[in-house]
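The structure appears right after this line, and notes come after that.
The residues of the chain are indexed from 1 along the displayed sequence. In this text the structure is predicted, and so the values were computed from the model without any measurement. Keep in mind that the numbers below use all heavy atoms, side chains included, and drop hydrogens, waters and symmetry copies.
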Amino acid sequence: MAEMLQGKNKVLLFRLLNESTNQAAKLVFQTEHTFSYSRALDRIITKDGTIVKVGELESEVSIEAIQSKDDPVREMLEGAVKKGEKIELWEVTVDEALKEGDKYPAVYAQGYLDSWESAANAEEQATVSSNFIVELEPQVGMATLTAEQEEAVQYVFQDTVVEETPVNE
């Protein structure tokens, strides 16, 4: 029987393209994102009937998160939109049922943020939202998460006994 995929299991990781020696990192407190694909379809009326001219694939990712007081990824993304820097983005589906070995299903894209909005409502948490415009076509594959990245997605089970190396160090 088919099972539902939970939205909370799809997380975004980011990295500046020119910093490929660094590992990708998760924007904290992500609340929602939408990965969208679209094509322009032009209808051309002919004497024989309507034909359709298919345009190029366009993709974008809208991003929403609650602001953290100290998140280097948020700072990097805000700087990237201001400087026009190219970013790498991974949408990783962190679901143990879909995991193959140590890899999770993922969509990878390169592109630019075309906006950055920082909202501060008096009655709610401060939020950020942005829109990532994909250059070329997103690629589907499997992505490895480091222990640190997995911990950023969800803390791991800890035993009740004292560990040799404390988790928070």
With clusters defined by side-chain heavy atoms of hydrophobic residues (ILVMFWY) lying less than 4.5 Å apart, directly or transitively, does Trp116 cluster with Val134? yes

Taking side chain as C-beta onward, heavy atoms only, is Glu64 less than 4.5 Å from Val128? no

Applying side-chain contact (heavy atoms from CB on, under 4.5 Å), run through Leu145 and Tyr104 and close with a yes or a no. CA-CA 8 Å; Leu145 291 182; Tyr104 294 96; 3.8 Å; yes

Looking only at atom types and distance, does a side-chain atom of Arg43 sit under 3.5 Å from a main-chain N or O of Val52, one as donor and one as acceptor? no

So do the side chains of Glu88 and Phe14 get within less than 4.5 Å of each other, counting heavy atoms only? no

Can you tell if the side chain of Leu16 reaches within under 4.5 Å of the side chain of Met76, non-hydrogen atoms only? yes

Is there a donor in the side chain of Tyr37 and an acceptor in the side chain of Glu60, or the other way round, less than 3.5 Å apart? no

Heavy-atom donor-acceptor pair, Asn9 side chain to Thr93 backbone, under 3.5 Å: no

So, Tyr108 and Gln110: side-chain donor and acceptor under 3.5 Å apart, yes or no? yes

More than 12 heavy atoms of other groups within 6.0 Å of Phe35 CZ: yes

Using a distance-only test with no angle check, is there a side-chain donor-acceptor pair under 3.5 angstrom linking His33 and Glu91? yes

Side chain proximity check, Leu77 to Val73, heavy atoms < 4.5 angstrom: yes

Evaluation steps, side-chain contact (heavy atoms from CB on, under 4.5 Å), between Leu89 and Leu13: CA-CA 6 Å; Leu89 172 146; Leu13 288 95; over 6 Å; no

Report the residue from Glu75, Lys69, Arg74 that forms a side chain to side chain contact (heavy atoms under 4.5 Å, CB included) with Asp71. Arg74

Using a 3.5 Å distance criterion without hydrogens, assess whether the side chain of Ser62 forms a donor-acceptor pair with backbone atoms of Asn131. no

Any side-chain to backbone donor/acceptor pair from Gln30 onto Leu27? Under 3.5 Å, distance only. yes

Side chain to side chain, Ile87 and Leu17, heavy atoms closer than 4.5 Å: no

Polar side-chain atom of Glu135 near backbone of Ile133 as donor-acceptor pair, under 3.5 Å: no

Distance-only, no hydrogens or angles: does the Gln67 side chain make a donor-acceptor pair with backbone N or O of Thr127 under 3.5 Å? yes

Can you tell me how far the CD atom of Glu56 sits from the CD atom of Glu137, to the nearest 0.5 Å? 9.5 Å

Heavy-atom side-chain proximity of Thr31 to Ile66 below 4.5 angstrom: yes

Between Lys10 and Val92, is there a side-chain heavy-atom distance shorter than 4.5 Å? no

